[in-house]
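Encoded as structure tokens, the structure appears first; notes follow it.
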Amino acid sequence: MSLKPLFHNAIKHALSTMDLSEGDLPNYTIEAPKDPSHGDLSTNIAMVSAKVAKEAPQSIAAKLADALRTQEDLFSEVGVAGPGFINIRFKPSVLHKELKTLADNAETFGRNQAFDGKKIILEFVSANPTGPLTVGHGRNAVLGDTMARLYEWCGATVTREYYFNNAGRQMRMLGESVKARYAQQLGQDAELPEGGYEGEYIGDIAATLIDGHGESLLQEEGEGVFKEAAEKTILEDITRTLDRMQVKMDSFFNEHSLYENKAIYDVVEKLNEKGLVYQKDGAVWFSTSQLGKEKDTVLIKKSGEPTYRLPDIAYHRDKLDRGFDLCVDIFGADHIDTYPDVLRGIDVLGYDPEKIEVLVYQFVTLVKDGKPYKMSTRKANFITLDELMDEVGSDVTRFFFLMRAPSTHLEFDVAQAKEASDKNPVFYLQYAHARIQSVLRKANEELGDKSTELVQWTSLEHEAEFSLMKKLFFFPDVIETAARSKEPHKVITYLQETAQEFTHFYHECRIMGEEPEVMATRAKLADVTATVLKNGLSLLGVTAPNKM
RNA sequence: GCGCCCGUAGCUCAACUGGAUAGAGCAACUGCCUUCUAAGCAGUAGGUUACAGGUUCGAGUCCUGUCGGGCGUACCA
């Protein structure tokens, strides 16, 4: 159902008639040329082999092309061009046959075996429960969830995990902030602590406590009760927000459990056995300088509290102990520095560091009134994901975060996102899908039950029909590439091209009013296109409406 | 200072990971609704891919340097 394997096998066969095998040659690629006039597919095999074969690329290409031409049932055209590209064009009969196979398996079309049988754990969001999720967290959540969907389509079993910490200074500060608001609301003289949380939600939590406990909590010594209440409420809110975005976590991993089960101290011990731990100035150090880093790293502070590095290492060991073949972390650019330390630690502990991969994304630059807007959870001058979804909905929000390559900064113009509902690219895709459904409704009315048996694939012969078909065949390749490179935006780029090809077909080839066979066959092609669009959109977590 | 990421049309971004004449969407301009959804289509215009070298059949993509931006560079989280 993907065209590349057809060509690939043909090349292997051609090589065998020349007494060669792939093993003798460097890796080569098969691609769809940018310019469709060059052919359906193209390979650089002759160019990359020139050195080994001690022969000019054109000469190799010519021989290979001859061998390929003998496979008459496959190709209508085999040519050599430019510096030695071999370009081929498939016979219509081949495309018709592939399309039939696709149509028979449309619902699962796109699924592949790139990660077949792998157990993969994705860690993402992982915001500590100190406040509502903001626009900044959105990119993380959507990237993580979409990667999970991609891996699943590539045959993997995926666990989505949220790693958080309900201990530590920020959480204490949160508790104290709630405590202060609680006292204030009961008319007491209390002040928000220095550096406390100023958001309105703190007051809401305090109010809930008053509803439940009245004034009884004024006697509380510490901030513990308040912290727990805040944590519970905020985590519930976060889950609800994620739910709205179609993000469902499989597990929440509390960093604190690594303290309770002594996992972190075991890590220190194991590292110590390798002679990589020492004490200095009252702190415990990891001798990362022996492992290629410039400086050593503190594992346990003078105060006795571990730094973030230590539980990070213990956490990743825990994941590998749970039997995952691949651990993927979704990180903002600001967290990148912890990653090499974790890998070093994992390596020393005797695990395979290649099982840990990171998707690093650049920051979201929020633009408000044409100017960059600096956000801080603590200062409460943030825009929450909920507020954003109130304005533009979940589909647009997800699509927006996925549109750009993770490695580039994402400019999020709030005003534009709010106002531009009809200019948003997501609607182009949804519109194409809705349009197809509309035509299909009409076609089905006309053809009734007979529509399937009327289909005659050979009746597809228009240029627009062929280019649409060829585009569809690439869907599995795109999913695999997007998953491997961890770049979900490739799916969007592909879907936009597909929708564009469909629209071209739609304007060139009428469905209604044609001969019954043509009508049925074109309707089937449109139907298959709709399914590909729907499959792709579902990977992105975006709906495919039947009407707009 | 050092490390990582980025620099492509006026703006926001692609470019199948080294391939052929660098492409879309906004914005601008010109056409197209008595025919399956005009949230659409066809077309025009817009570029020394920040700059300078290098590697090779071939560079936006790889290596070096320079300039500019972001993020790090904590016994913060």
Side-chain angles (χ1 to χ4, degrees), chain A residues 29-35 37-38 42-44 46-48 50-51 56-58 81-85 87 128 130 165 168-171 173 280-285 293-295 297-308 332-340 360-363 365 367 372 403-413 416 420-432 434-443 446 474 477-478 481-482 484-485 487 489-490 492-494 496-497 500 503-504 506-514 519 522-523 526 547-548:
Chain A
T29 59
I30 295 174
E31 303 183 335
K34 276 180 210 160
D35 184 347
S37 72
H38 288 132
S42 161
T43 181
N44 64 354
M47 281 123 77
V48 297
K51 211 166 248 176
Q58 280 89 351
F85 289 105
N87 299 325
N128 282 342
T130 56
N165 182 13
R169 216 190 70 192
Q170 290 308 318
M171 289 301 291
M173 192 62 80
K280 194 180 100 186
D281 303 331
V284 177
W285 293 72
K293 197 186 172 185
E294 286 169 37
K295 287 190 279 186
T297 310
V298 173
L299 290 177
I300 302 177
K301 300 182 228 172
K302 190 159 50 181
S303 64
E305 271 183 309
T307 63
Y308 248 46
D334 55 338
H335 282 68
I336 184 61
D337 269 8
T338 68
Y339 170 62
V360 177
Y361 62 91
Q362 296 300 311
F363 272 31
T365 322
V367 177
M403 240 178 352
R404 267 88 224 223
S407 64
T408 67
H409 288 93
L410 173 64
E411 189 159 305
F412 203 119
D413 190 323
Q416 189 189 350
S421 54
D422 63 327
K423 286 171 188 163
N424 201 299
V426 69
F427 291 103
Y428 183 80
L429 295 181
Q430 295 183 318
Y431 183 66
R435 202 182 223 180
I436 294 171
Q437 297 306 332
S438 169
V439 187
L440 289 179
R441 281 190 292 272
K442 287 200 163 65
E446 188 100 3
F474 281 108
D477 299 314
V478 170
T481 308
R484 285 194 194 282
S485 63
E487 293 175 319
H489 73 283
K490 288 184 190 299
I492 289 186
T493 310
Y494 168 80
Q496 276 167 340
E497 289 165 0
Q500 217 161 355
T503 312
H504 178 59
Y506 178 84
H507 286 276
E508 292 291 323
C509 306
R510 286 193 61 79
I511 293 173
M512 300 306 293
E514 300 287 332
M519 200 195 297
R522 285 183 175 167
K547 275 183 190 169
M548 281 177 80

Check: Can B:C51 be described as syn, meaning its chi torsion is within 90° of 0, or is it anti?
Finding: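 In terms of base orientation relative to the sugar, B:C51 is anti.
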Next item on the list: Pull up the glycosidic torsion of B:U17 and say syn or anti, syn being anything within 90° of 0.
Entry: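 Because its glycosidic torsion lies within 90° of 0, B:U17 adopts the syn conformation.
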Between [N] and [M], how far apart are the two [atom1] atoms, rounded to whole Å?
| N | M | atom1 | answer |
| --- | --- | --- | --- |
| B:G70 | B:C75 | P | 25 Å |
| B:C62 | B:G25 | C1' | 30 Å |
| B:U55 | B:C16 | C1' | 24 Å |
| B:A59 | B:A22 | C1' | 12 Å |
| B:U56 | B:C71 | P | 39 Å |
| B:A15 | B:G23 | P | 14 Å |
| B:A9 | B:U48 | C1' | 13 Å |
| B:A27 | B:U64 | P | 42 Å |

Check: With sequence neighbours left out, what residues match A:Tyr428 under ring pair (Phe, Tyr, Trp, His ring centres under 6.0 Å)?
Finding: none
Margin query: Tell me every residue that passes ring pair (Phe, Tyr, Trp, His ring centres under 6.0 Å) with A:Tyr431, counting only those two or more places apart in sequence or in another chain.
Written below: none
Is the aromatic ring of [X] within stacking range of [N], meaning centres under 5.5 angstrom and planes under 30 degrees?
| X | N | value |
| --- | --- | --- |
| A:His38 | B:A20 | yes |
| A:Phe427 | B:A39 | yes |
| A:Phe85 | B:G19 | no |

Next item on the list: For A:Gln437 and for A:Arg169, locate the closest nucleotide of RNA chain B by heavy-atom distance; then report the residue assigned to the nucleotide nearer the 5' terminus.
Entry: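 Result: A:Gln437.
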Checklist line | Position toward the 5' end of RNA chain B (nearest nucleotide), A:Ser485 or A:Met403 | finding: A:Met403
Note to self: Counting runs of three or more consecutive pairs, Watson-Crick or G-U wobble, with each distance below 3.5 Å, where are the stems of RNA chain B?
What the structure shows: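 The stems that RNA chain B takes part in, listed by first number, are B:1-7 with B:67-73, B:10-13 with B:23-26, B:28-32 with B:40-44, B:50-54 with B:62-66.
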Note to self: Under the rule for side chain to side chain contact (heavy atoms under 4.5 Å, CB included), what residues qualify as partners of A:Lys301, not counting sequence neighbours?
What the structure shows: A:Ser303, A:Glu305, A:Thr307
Check: Does A:Tyr339 have any side chain to side chain contact (heavy atoms under 4.5 Å, CB included) partners at least two apart in sequence or in another chain, and if so, which?
Finding: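 Partners of A:Tyr339 under the side chain to side chain contact (heavy atoms under 4.5 Å, CB included) test: A:Phe331, A:Ile336, A:Leu343, A:Ile356, A:Val358.
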Scan [X] against the nucleic acid and name what it touches under 4.0 Å (heavy atoms): base, sugar-phosphate only, or nothing.
| X | value |
| --- | --- |
| A:Lys442 | sugar-phosphate |
| A:Glu497 | nothing |
| A:Lys295 | sugar-phosphate |
| A:Asn44 | base |
| A:Ala443 | nothing |
| A:Lys293 | nothing |
| A:Ala283 | base |
| A:Asp281 | base |
| A:Ala405 | sugar-phosphate |
| A:Thr29 | nothing |

Which of these nucleotides, [options], is closest to any side-chain atom of [X]?
| X | options | value |
| --- | --- | --- |
| A:Ser438 | B:C36, B:A15, B:C5 | B:C36 |
| A:Val298 | B:G19, B:C75, B:G70 | B:C75 |
| A:Ala81 | B:U37, B:A20, B:C4 | B:A20 |
| A:Arg404 | B:G70, B:C13, B:U37 | B:C13 |
| A:His489 | B:C41, B:C36, B:A15 | B:A15 |
| A:Trp285 | B:U35, B:C75, B:U17 | B:C75 |
| A:Pro33 | B:U37, B:G72, B:A20 | B:A20 |
| A:Tyr506 | B:C4, B:A14, B:A38 | B:A38 |
| A:His504 | B:C5, B:U37, B:A42 | B:A42 |
| A:Thr408 | B:U35, B:C41, B:C13 | B:C13 |

Under the 3.5 angstrom rule, does the side chain of [X] hit a backbone N or O of [Y] as a donor-acceptor pair?
| X | Y | result |
| --- | --- | --- |
| A:Arg404 | A:His489 | no |
| A:Trp285 | A:Lys280 | yes |
| A:Asp35 | A:Ser37 | yes |

For [X], what residues pass the side chain to side chain donor-acceptor pair (under 3.5 Å) criterion, not counting sequence neighbours?
| X | result |
| --- | --- |
| A:Thr481 | none |
| A:Gln437 | A:His433 |
| A:Ser485 | A:Glu487 |

Next item on the list: For atom CZ of A:Arg169, decide whether the heavy atoms of other residues, nucleotides or ligands shown that lie under 6.0 angstrom number more than 12.
Entry: no
Next item on the list: Determine whether the side chains of A:Thr130 and A:Asn128 contain a donor N or O and an acceptor N or O closer than 3.5 Å.
Entry: no
Next item on the list: Measure the distance from CD1 on A:Ile492 to P on B:A15 and round it to the nearest whole Å.
Entry: 12 Å
Notebook entry, point to check: Can a donor-acceptor pair under 3.5 Å be found between the side-chain atoms of A:Ser42 and the base atoms of B:A20?
Noted result: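 When only heavy-atom distances are counted, A:Ser42 does reach the base of B:A20 through a donor-acceptor pair under 3.5 Å.
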Next item on the list: Please evaluate the base of B:A77 for a donor-acceptor partner in the side chain of A:Asp334 within a cut-off of under 3.5 Å?
Entry: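 Such a pair does not exist between side chain and base.
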Check: Can you tell me how far the CD atom of A:Glu31 sits from the CG atom of A:Asn44, to the nearest 0.5 Å?
Finding: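 Between atom CD of A:Glu31 and atom CG of A:Asn44 there are 7.0 Å.
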Margin query: Protein within reach of the bases, or only the backbone? For nucleotides 54-62 of chain B, mark each nucleotide 5' to 3' as B, S or -, using heavy atoms under 4.0 Å.
Written below: ---B-----
